Every structure is written in structure tokens, then in C-alpha cells.
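Please read these numbers as outputs of a predicted model, since none were measured by experiment. Only this structure's heavy atoms are used, side chains among them; waters, hydrogens and symmetry mates stay out. Numbered from 1 within each chain, the chains take letters A, B, ... in sequence-line order.
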There are 2 protein chains.
Amino acid sequence: MENKGNFGQTASAPTARERPTLKTIAFMTGLGVTTVSRALKDAPDIGAETKERVRMVARQLGYQPNRAGVRLRTGKTNVIALVLSIDEEIMGFSSQMVFGISEVLSGTPYHIVITPHSHSKDPMQPVRYILDTGSADGVIISRIEPDDPRVRLLTERGMPFATHGRTDAGLTHPFHDFDNEAFAHQAVEKLVERGRRRIALLQPPSKLTYYAHIRIGFQTGLHDYGAEEVPLRVNTDAPLADIRDIVEVMMRSANAPDGIVCSAGSAAIAVNAGIEAAGKALGRDLDMVSKQSVPILNWIRPEIITAQEDVRQAGREMAKAVIARIDGVEPELLQSVSQPTWPESGR
Amino acid sequence: MENKGNFGQTASAPTARERPTLKTIAFMTGLGVTTVSRALKDAPDIGAETKERVRMVARQLGYQPNRAGVRLRTGKTNVIALVLSIDEEIMGFSSQMVFGISEVLSGTPYHIVITPHSHSKDPMQPVRYILDTGSADGVIISRIEPDDPRVRLLTERGMPFATHGRTDAGLTHPFHDFDNEAFAHQAVEKLVERGRRRIALLQPPSKLTYYAHIRIGFQTGLHDYGAEEVPLRVNTDAPLADIRDIVEVMMRSANAPDGIVCSAGSAAIAVNAGIEAAGKALGRDLDMVSKQSVPILNWIRPEIITAQEDVRQAGREMAKAVIARIDGVEPELLQSVSQPTWPESGR
DNA sequence: CATTTCTACTGTATCGTTACAGATTGCATT
DNA sequence: AATGCAATCTGTAACGATACAGTAGAAATG
């Protein structure tokens, strides 16, 4: 009579080694399914010895909770959605981020689901989908704008998330960001140190928040170190061929710069091509500083002065932040900014 | 009495616009939940008019089946797992593959879950996890070996999958592969066309299947076009610094090659560095042919002769193959090999 | 000794969906 | 009029987990 609940239900498992469930453990321990469930989550109303017994059997069986069961009953998906822009992305930017995220998630029950979208299309669509279908417990997004509508929506709907990049409209949320202001400032410094004074900036598209950071760092740099800007009318999102052509024209012109600051590693390759197409050479006629997320530029031209942005680390930070947010930690405590590092160039 | 099933259950939805379920539609149409379920999957025992009505209401409500419900009941996860090696991966190889896969999956109910692992560790672990927990309907794996234990296990357990690369042990399974044999053969041809006769090969690690393909293509190429091999004792998986150093030594030696075939884009960058460190120049002292998955090499040195491997296309093919396999299509019909393309170099 | 209070455990209902085994109705057959 | 049979529709149970509302027994209380 004590096992009335199990009786006749788990008359199973004679031959086939099927996946164990709570019922299996309940049957083996002689306990009720509820008790097993509560024992495994260390509930206070279960005896210490019972918990121990349940845990042993569970480990023995290699029990892993059925995700669908949990999700259906509790709504918890154990999924983190990574929203990625499918365009651009020449270098392994997002791979690195994915790997950073996975590193953190591998010690947790979370899975990572990639939700891609074309950023030329509606960037809200994937976010809306996730919210409407409740298909994730947390979200990670990139390419943040100062008053990002995705951030607004996610906040409004109470969905935990972290961003790669900051907003700038009084929104408080977890983020990880690279200190682009410091990068641009230091970049100018490096150039001036080498005697360069007329500096061009290949900047990100102006709608992204870090455009402003780059601009500010660049301009205070110019001011602090006494240099001037040579305008460059193209941004890092442009096709590489366009960047090269425009840089070539600029380098051939009368007021060609003697220094260039480049906000993206892939673009730096095109910039370099433009420079060389104009018959100029790095280190001789001018210097270039570039940010990169993958250490590749110095393999191409050792003369490029590079700052490293550790995107894998960013992935780790954001994963930790989302999980913390899911666990109720205040957003204010989940914000971090990483500094550029300047590996000794050359090899 | 007709609505006894719904009665008292769906007395809900007064204010809050909650996510619609079958029950919601059942309530609105006055039908039973079962009928709605069957109507939506176009079952033969539901009247045409009823189906139409149900579909209209469902569309109106923006109904999307609850994944946890479906998964719990049917075991269908609607997930494709992409198993990725977290190491290496300098360039955006896997991003491109992910994007290719997503393109195909975006028109389906499938989600893509990234399951990363360190390929220095046990490569079976993620596959075992997926099988044991039934966490996906299909799997995509790369870095295939001739007698790949993952392929064996997945086949044995009846899990649909596709591989990036072939096996070579009588295993029949869906795959997409790049024709590395053709690439290597054509690469030799290109070099010989340029008057090169002493050719080195930077080959993949020998445990991977395509090592043999590259070797065969290379050797028949040498034979067909009358060239000889200069041995190069390092493979594409080696750290870039090692590759450069070894290539430099080779290029300084008495019997330096006058042509190099390189099986990976990232490695080509290091090879080039080694060549230049030895004071040699591409196009003058020697030529290099390299495969690349992202069109970057010619930005670095226009002289590199490049073959394009379209990894995004590979992602598409594999996604289509896994889904077809899930739908019961025979593996024999889901195998494809893509040919190298040789874009006009220069720009 | 009766009553309350804990401790430790359990049954039932439920999440959303679908498989299965009926129902109900109308019509054609005998 | 009884029977058979499609054509449509429906209720119930189940997938695995957990929230909730208990229950049984022991111990503490009055």
C-alpha cells in the first residue's frame, strides 16, 4: 500500500535500458516521485539520509531531468538565445563569442541556441520571436544602439539579457563592452608618439553606440596630443572593396593623412590594401592602429599597431551576466568594460 | 454538454493576452482540442471546412505549438545540434557554417543548438550526450576521420546526422564535402603552369579523411604535370608561429620549393610570413596556392592563388541533408561534393 | 490523555500536445 | 426497420516534472 503510486506504473524496465526518469528512481528507492523530485533539489522537508540515497541512485543511473518535462511544467527552458547578425562577419568574431559563452554554459544546464537574422531586415524580429514563444530564459544581443529598441522591449517584458555594447538613454541593463574610447584615445597617442599628426579615423556606423565612444576618444586624443583629423567618409560596415577604394583616393590626395585609426580588424585589411594601392607604405609614409578580435593583422603587416579586443572573454562575461540576471542579480552589478591590450607588435 | 471538455478549463483569457494554445483555439471554434490538433496537421478525418476554420483562427491568434508540449509527448525536439570544435578556428569558418545552416532552418520549426567541445578532449562526449539525452532530432559534425567513431555511434543509434567531410570505411551516411582531391590536383596544375616544379604541401592532420584526398590529388598532380614534392613536416593544425618558423627554415634551405600548396586559409597567412621572413617573395621566387573559406588571402597578398571553399553552402547542404534524413530519405541520396572555384585573382 | 506541532513523505492535478479508442450522425444497404 | 459504414468529431490518458495540499506518525505541549 505504501507504493500504491508507483504500483502498476513502473512495472517496466525489464530489458531495455531506457532513459531513467523520476519514476525509475522512485521505483528503485521505494519512494514517491514527489519525494525524489524534492530530494534532488535539496528541499528542506526531506530527510538527510533519504536525500543521500536518492542522490546515489540518481548518479548511478545517470539520471538527467527531462528538459521537456521541466520546461512544460515550470516554463524554464534552460536555453540562452544568442542573437547574431548574419551579414558581414568576415572574421571569426562571432565564433569566438560563441565559444566564450559555451565555456561558461558548459558547467550549467543551459544550452545555447543561435537565433540569426539579417541586420538589414528587422532586427526586432528575433527578439520578438523569443519573447512571444518564451523560447529562452535569457538573451544575448550585439550591435547595440544608444536607444536600442531591443533593449527597451526585453526590459519591458522582463526577459533577462546581456548586451555586447552599451546603450545611452538612461537604460540600465547588464552589458559587456570594450572600452572603445580608451582604444581610440590610446591609438592617437601611439600615432603621435611616432610623429604622426594628421590622422584619419575609420569609424563604425554612426547608429551604433560605440561610434560615439570612438569619436570621443579620438577627439580628446587629437586634442591631448596635438593632432588633427583628416576626414574619411566611409565606415567599418562598408564593403571591403569600397573601403579600399576610398582609402586609396584619400592616400593619393594632397592632404593624405600620416596616421589611421581603424575600428575593426577586417576593415584594416582593406585599409591596408588602399594604402598600398596608393603606393604608400606603413611604417614609412604613415602608421596605422587597428583594433582586432583575432590576432591576425600582424601576420599580414607587422607594421600595423594592434589593440586586442578579447571577444571570447566578452562571451564569457555576457554568459555569466545573463545567468546572474536570471538568478535575480541586479543589472547594475552585471556591467563590465574591458580595456584594450597592446601586445608587443612584431612577433 | 458538447463542450464538457473545455468547460471550466478555458474560462480564461478575459484580459491578459496570454500565449494561445490548442485549448484557446478549441474554445474559440467550439471544437475539441483533439480536433483542433488534428485539423492543424491536416489529418484525413477532419472536415475540409473545419480545417479551414481552425487554420484561420490559429493564424489570427498567431498560434505556435508549444515546443515543450510537443517534445514531451512525441519526443520530437525540433532541434538540430551542431557539434563544433572549440579549438583552432582562427578565421570565421564555423560562423559561416552556422549561417548557412540557419538559412535553411529559418523556414522550418528547427532550432540550432551549438554543442561545443575541445577536440583535444574526448570528441565522443558531445555526441554521447545528445544521444543519451535525446536532445536533438539531428546532428551535424565536422573534422571527420576515415573510420569515425562518431559516425559509427550515430548510425548505430539511428540518429539522423550529416557530416562535413567523408568517411572511408564502408560507412554510408549523409555528408557534404569539398573536393580536396580536385583542389590539390588543380593547385599543382596552377603552379606548374607558372613554371614551378618543386612543390611543398602544407597538409591537414593525417587522421582526418581529407588528408588522403589532398595527398592523392597532390600526388597525381605531381605525376600528371611532372613536378616533384619538397617535404614539409608540419600540418595545418599546428600553431601559426610553428608553421611560419618551419616554412622559413625550409625556404632558406638549399632545396627550397618554388611552389607551395596550402590546405587552409589561416595557415596560408603563416606560410606567407615564413616565406617573407626568409627573404623570398611570392610571384618572384615561388608561387603559393591556397584554399580559403573566407575571401581574405588576396587582400593580404594578391599573388596568392586562391581556391574558394564555400562553407556557407556546406552549411546549407548539411542542414538540408539532416532534415531530409529525419524525414526518412535514404542516406545515399544525401551526399554531395562541391568543387573548388578559382576566382580571378587580383581584385 | 487529548491536542498541537513537527518531520518526512505522498497523491493529485497540471503544463500543451498527441495517440488511441471511442462516440455521434447521416445514409446507404439489406 | 434493422444494420452497416463512412465521415467527423471527442474524451481520456500519457509523456516527465513540479506546485500544492495533504497525511501519517512521532514528539512536544497543556
Side-chain angles (χ1 to χ4, degrees), chain A residues 1-10 12-13 18-27 29-54 58 61 63-78 109 133-135, chain B residues 1-10 12-13 18-27 29-54 58 61 63-78 109 133-135:
Chain A
M1 191 188 290
E2 55 167 313
N3 271 339
K4 180 166 158 271
N6 297 328
F7 199 83
Q9 296 184 26
T10 320
S12 59
E18 294 194 338
R19 192 168 168 209
T21 69
L22 289 181
K23 207 147 72 182
T24 318
I25 303 178
F27 179 75
T29 54
L31 295 164
V33 174
T34 303
T35 309
V36 173
S37 171
R38 299 188 55 72
L40 286 174
K41 40 179 51 62
D42 204 23
D45 64 346
I46 304 294
E49 195 200 58
T50 303
K51 283 181 187 170
E52 195 46 45
R53 225 151 47 86
V54 168
L61 291 173
Y63 169 75
Q64 299 210 238
N66 180 302
R67 311 191 113 229
V70 175
R71 179 163 172 178
L72 184 55
R73 181 65 240 244
T74 66
K76 174 130 214 207
T77 62
N78 284 305
T133 61
S135 58
Chain B
M1 193 187 294
E2 56 167 312
N3 270 339
K4 181 165 156 271
N6 297 327
F7 198 81
Q9 295 183 29
T10 320
S12 59
E18 294 193 339
R19 190 166 170 211
T21 69
L22 290 181
K23 208 147 72 181
T24 319
I25 303 178
F27 179 76
T29 53
L31 295 164
V33 174
T34 303
T35 310
V36 174
S37 170
R38 298 187 57 72
L40 287 174
K41 38 179 53 62
D42 203 23
D45 63 346
I46 305 293
E49 195 198 64
T50 303
K51 284 181 188 171
E52 195 47 47
R53 226 152 46 86
V54 168
L61 291 174
Y63 169 75
Q64 300 209 238
N66 180 302
R67 312 190 113 230
V70 174
R71 180 164 172 178
L72 183 56
R73 181 66 241 243
T74 66
K76 174 130 213 207
T77 62
N78 283 305
T133 62
S135 58

Have a look at [X] and say if it touches a base, only the backbone sugar-phosphate, or nothing, with a 4.0 Å heavy-atom cut-off.
X	result
T35(A)	base
T34(B)	base
N66(B)	sugar-phosphate

K23(B) side-chain proximity, nearest of dA17(D), dC15(C), dC9(C):
dC15(C)
Nearest to the side chain of L72(A), heavy atoms from C-beta on, is which of dG16(C), dT18(D), dT18(C)?
dG16(C)
Take the protein atom [atom1] of [X] and the nucleotide atom [atom2] of [N], then report the distance between them rounded to whole Å.
X	N	atom1	atom2	answer
I25(A)	dA17(D)	CD1	C1'	12 Å
R53(B)	dT8(D)	CZ	C1'	12 Å
K76(A)	dC15(C)	NZ	C1'	17 Å
L22(B)	dC15(C)	CG	C1'	13 Å
E49(B)	dT8(D)	CD	P	11 Å
N78(A)	dT18(D)	CG	C1'	14 Å
L31(A)	dG11(C)	CG	P	10 Å
D42(A)	dA8(C)	CG	P	13 Å

5' priority, DNA chain C, between T74(B) and I46(A) [closest heavy atom]:
I46(A)
Closest-nucleotide ordering on DNA chain C, the 5'-leading residue of K51(A) and G69(B):
K51(A)
Candidate pair L40(B) and L22(B), rule side chain to side chain contact (heavy atoms under 4.5 Å, CB included), full reasoning
CA-CA 10 Å; L40(B) 287 174; L22(B) 290 181; 3.9 Å; yes
Quick one: is [N] close enough that its OP1 or OP2 comes under 4.0 Å of any side-chain N or O from [X]?
X	N	answer
S37(A)	dA17(D)	no
Y63(B)	dT17(C)	yes
T50(B)	dC9(D)	yes

Rounded to the nearest 0.5 Å, how far apart are CG of N78(B) and CZ of R67(B)?
5.0 Å
Between R38(A) and D45(B), which is nearer to the 5' end of DNA chain D once each is assigned its nearest nucleotide?
D45(B)
Please check: side-chain N/O of [X] versus main-chain N/O of [Y], any donor-acceptor pairing under 3.5 Å?
X	Y	result
T35(B)	L31(B)	no
R38(A)	I46(A)	no
T74(A)	V70(A)	yes

Report yes or no: is there a donor-acceptor pair, N or O only, under 3.5 Å between the side chain of R73(A) and the base of dT18(D)?
yes
